[in-house]
Amino acid sequence: MVGTCHRHHGKPLRGMEIFFVSAQASPFTIGKPSEPILLDMAELIPFPLHSRAALVRSITDDLEDVHGPAANVFWQQRMAGIVATLRSDGVAEDAIRREIFALQLAVQSELQRRAYSTAAM
């Protein structure tokens, strides 16, 4: 079944066809799809972790206070929590990996930015 737009008299949406497994399934659900088969249809993409400024700042703040092996343990525990959340939300392993790498880059960039701004003072 192809999605149609009721505002345009039931004509298919140009360039935006939506394919449903079931006529009862809605493409605009909040949370997880109720039908397990829908999970095979599309990749869930979370809001990018590296764009979550509060998350990047929080991790950076903590890493500024922790060094050496303790910083490694902190990072591993924090990432394990984020990965567990993404998995429970149904995000694919490849997408999780990309998100964690992008978050790592954002945190490292923020650490460098802070170091350079402190050195310039």
Task: side-chain contact (heavy atoms from CB on, under 4.5 Å) evaluation trace for Arg98 with Val91 - done: CA-CA 11 Å; Arg98 286 190 306 269; Val91 178; over 6 Å; no

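Not counting sequence neighbours, the partners of Asp61 by the side chain to side chain contact (heavy atoms under 4.5 Å, CB included) test are Glu64, Arg114. Residues that satisfy the side-chain hydrogen bond (donor to acceptor under 3.5 Å, both in side chains) test with Arg52, not counting sequence neighbours, are absent from this structure.
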Give every donor-acceptor pair under 3.5 Å between a side-chain atom in residues 102-109 and any protein atom, sequence neighbours left out.
from: Ser109; atom 1: OG; to: Leu105; atom 2: O; distance (Å): 2.9

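Side-chain contact between Met79 and Leu49 is absent, with no heavy-atom pair separated by less than 4.5 Å.
Between Pro48 and Glu99, the shortest heavy-atom contact is CA-OE1, 3.3 Å.
Within the model, atoms CD of Gln112 and CD of Glu110 stand 10.5 Å from one another, a figure rounded to the nearest 0.5 Å.
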